[in-house]
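Inspection log for the structure reproduced underneath, given as structure tokens.
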Amino acid sequence: MKKIRLVFASIALIAATLCSSSCATLQQDVFTSSEENSFIYSSIEVYENQFIKLDAQNCLESQAPVAEVNKLLSEIATYKSTTKVTEPFLLARLRAFEGLLYKMLGKTKEAATALQEAKGHQKGDRYVQLLSSRMEKTLEASLAQIESVLAVDSRNAVLQLEKAKIYYKTNKFAEAIAAMDNAFILFDSEGSKDYREAYSELRANAWEMNKITEAGDVTVLDGTNLQQELTVEKLVELTVENTTLLDNYKSTKKQKASVLVSALEKGGYFSAPVDASNQELSSADILGNNPNVLNQKLNRKLCARFIWNAYIKKTGNLKMLARYSEKYQKTGRNSPIADVSIDDKDFDAVLGVIENEFMELPDGRNFLPEDSVTNLQFLTWIKKADK
């Protein structure tokens with residue numbers, strides 16, 4: 001009898017241990033027991049990897065990469081029609097991916113249908129839970145649903161990551177970083193290191209945005225990928241929405257970017273500081289004769305020019321525009337910046353933004369004037385200049 005009791009106790013212990021494991025882990029253990037299911041599961045992991053890359057891109061750009069999303073939907077449909085998938089968990093996961101992709105495209109009806117079918121297979125799958133949270137009408141409702149699941153399943157890495165994304169979208173960047181790091185630790189413990197790589201850029205954005213918001217609220221414009229190269233249009237829009245530097249040009253009505261750019265050019269914002277009247281047509285460095293000027297990309301030196309002009313014009317002390325070049329020429333001193341000479345028409349702007357700590361010397365010696373600039377970098381600099 002003693003041996004029998006020990007056997008039953010061992011069985012009970014094993015059962016309890018299995019029940020305490022996450023659904024995903026238990027299902028993976030069961031469904032990879034045969035060679036066929038092992039192949040099917042590994043195939044679905046490929047789709048999962050593709051999905052998280054598209055999802056991360058969508059979070060950064062605020063718009064779906066339509067061609068890639070449709071391609072993955074087509075691949076999943078083909079796979080389902082040509083492969084014998086019978087396990088409820090696997091069917092639920094595939095249908096959830098489809099629903100999430102439809103939601104990304106704004107096809108809410110198709111996404112809702114996919115959610116109901118996925119729930120019918122296995123409503124406890126964490127990607128089914130993710131789709132369910134995204135079908136809520138507001139981010140607040142989504143977060144509430146996620147929190148209710150995490151209250152009983154704190155190791156649900158997918159929902160921990162989703163919580164981070166909601167914090168990011170609502171400008172709670174410190175909370176987003178903490179939730180993201182927690183999710184990455186959970187994914188790493190599962191051996192799913194692809195998540196950390198896929199969402200690393202989003203975390204980097206959250207980190208930078210958290211630093212920027214210490215100086216005040218930040219507006220990230222719809223459709224703005226913070227890691228994309230800065231254009232004339234984004235330079236103006238980000239400055240207007242996030243600083244007081246161009247308050248004199250603001251209107252109660254929404255202005256066309258082209259009209260605002262034209263007004264700022266006339267005001268000398270795109271001219272080199274030593275050429276405030278633009279007699280040398282130095283704003284051609286930025287605007288030129290490009291018919292598509294709003295999409296013109298800008299380098300570090302031209303950003304320094306715009307920031308210095310905006311800063312000085314707001315202070316009203318226009319003598320400061322050429323203060324540095326006059327001072328250095330009188331004393332015969334060499335430029336303190338290795339790759340920007342005193343004779344450079346943007347010397348004042350470059351030295352001005354460096355001395356006032358609006359921008360930085362990337363290597364401590366050179367300004368790297370021709371290097372490209374991201375929207376996020378410019379947003380960081382212009383916020384510092386709005387003192």
Side-chain angles (χ1 to χ4, degrees), residues 22 24-25 44-69 71-73 76 93 96-105 125-134 136 139 142-143 145-147 149-150 153-213 218 220 222-229 374-377 379-380:
S22 68
T25 303
I44 292 174
E45 282 184 331
V46 172
Y47 297 135
E48 182 174 347
N49 184 263
Q50 291 182 52
F51 168 76
I52 63 176
K53 289 177 180 177
L54 293 176
D55 184 60
Q57 185 179 346
N58 187 44
C59 288
L60 287 167
E61 299 183 4
S62 301
Q63 55 187 8
V66 178
E68 292 89 339
V69 170
K71 181 174 181 292
L72 182 53
L73 277 169
I76 293 175
R93 179 65 61 88
F97 284 149
E98 290 178 313
L100 288 162
L101 292 168
Y102 282 131
K103 187 69 171 65
M104 217 180 274
L105 295 174
D125 176 68
R126 50 191 191 175
Y127 273 97
V128 176
Q129 294 170 335
L130 174 63
L131 175 57
S132 179
S133 72
R134 290 195 180 177
E136 293 287 351
L139 290 176
S142 295
L143 185 59
Q145 185 182 133
I146 289 168
E147 293 286 19
V149 176
L150 292 177
D153 183 16
S154 62
R155 297 189 64 79
N156 188 323
V158 169
L159 292 190
Q160 287 281 6
L161 182 58
E162 185 68 6
K163 182 167 73 169
K165 295 174 206 167
I166 292 175
Y167 283 143
Y168 181 86
K169 290 175 183 176
T170 53
N171 295 337
K172 296 179 180 178
F173 301 111
E175 292 90 336
I177 294 167
M180 220 173 297
D181 286 345
N182 189 22
F184 290 158
I185 291 170
L186 292 173
F187 281 123
D188 288 348
S189 69
E190 297 173 3
S192 304
K193 298 186 182 298
D194 290 336
Y195 283 84
R196 185 182 290 273
E197 181 180 350
Y199 293 95
S200 61
E201 195 171 313
L202 183 65
R203 189 194 182 282
N205 275 15
W207 181 264
E208 291 299 325
M209 292 297 288
N210 187 49
K211 289 195 296 184
I212 298 171
T213 52
V218 173
V220 179
D222 290 342
T224 299
N225 179 351
L226 291 173
Q227 292 300 331
Q228 280 186 341
E229 287 187 53
T374 66
N375 292 319
L376 180 56
Q377 286 174 319
L379 183 55
T380 303

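Being a predicted model, the structure only gives us computed values, none of them experimental.
Here the closest heavy-atom approach between residue M104 and residue N58 is recorded as CG-ND2, 3.4 Å. Taking both residues in full, the closest heavy atoms of N49 and I52 are given as O-CG1, 3.2 Å, listed atom of the first, atom of the second, then distance. In terms of heavy atoms, P65 sits closest to L54 at CG-CD2, 3.7 Å. Closest heavy-atom contact between L131 and A96: CD2-O, 4.0 Å. Closest heavy-atom contact between A164 and M180: CB-N, 3.5 Å. Across all their heavy atoms, L130 and F51 have their closest contact at CD2-CE2, 4.4 Å.
The side-chain heavy atoms of L105 and L73, taken from C-beta on, include a pair separated by under 4.5 Å. Looking at heavy atoms from C-beta onward, V158 lies out of side-chain contact with Q129 at the 4.5 angstrom threshold. A 4.5 Å side-chain heavy-atom check between E48 and I44 finds every atom pair outside the cut-off. Under the 4.5 Å side-chain criterion, counting only non-hydrogen atoms from C-beta, Q57 is not in contact with L60. Between L159 and D153 there is no side-chain heavy-atom pair separated by less than 4.5 Å.
Between atom CG of residue N210 and atom CG of residue N205 there is a gap of 12.0 Å, rounded to the nearest 0.5 Å. From D194, atom CG reaches atom OH of Y199 across 11.0 Å, with rounding to the nearest 0.5 Å. To the nearest 0.5 Å, atom CD1 of residue I166 and atom CG of residue L161 are 10.5 Å apart. Distance check, rounded to the nearest 0.5 Å: CG of L100 to CZ of R134 gives 5.5 Å.
Checked by atom type and distance alone, the side chain of T380 pairs as donor or acceptor with a backbone atom of L376 at under 3.5 Å. Within the 3.5 Å criterion, the main-chain N or O of S154 finds a donor-acceptor partner in the side chain of Q160.
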Evaluate E162 against S133 for side-chain hydrogen bond (donor to acceptor under 3.5 Å, both in side chains), listing each step before the verdict. CA-CA 9 Å; E162 185 68 6; S133 72; 4.5 Å; no
Could you check R203 against D181 for salt bridge (Lys or Arg N to Asp or Glu O under 4.0 Å), going step by step and ending with a plain yes or no? CA-CA 9 Å; R203 189 194 182 282; D181 286 345; 2.6 Å; yes
side-chain hydrogen bond (donor to acceptor under 3.5 Å, both in side chains) between E136 and Q145: does it pass, once the steps are laid out? CA-CA 9 Å; E136 293 287 351; Q145 185 182 133; 2.6 Å; yes
Where do L226 and E208 land on the side chain to side chain contact (heavy atoms under 4.5 Å, CB included) test, with the steps shown first? CA-CA 10 Å; L226 291 173; E208 291 299 325; over 6 Å; no
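Ion pair E68/K71 not flagged as a salt bridge, since none of the NZ, NE, NH1 or NH2 atoms sits closer than 4.0 Å to an Asp/Glu carboxylate oxygen. Ion pair D55/K165 flagged as a salt bridge, since at least one NZ, NE, NH1 or NH2 atom sits closer than 4.0 Å to an Asp/Glu carboxylate oxygen.
A salt bridge (charged side-chain N to carboxylate O under 4.0 Å, His left out) with E190 is found for exactly one of R196, R155, R126, namely R126.
Taking the centre of each ring, Y47 and F97 stay at or above the 6.0 Å mark. Ring to ring, F173 and Y167 are not that close: their centroids are 6.0 angstrom or more apart.
Shown here is E197, whose CD atom has no more than 12 heavy atoms of other residues, nucleotides or ligands within 6.0 Å.
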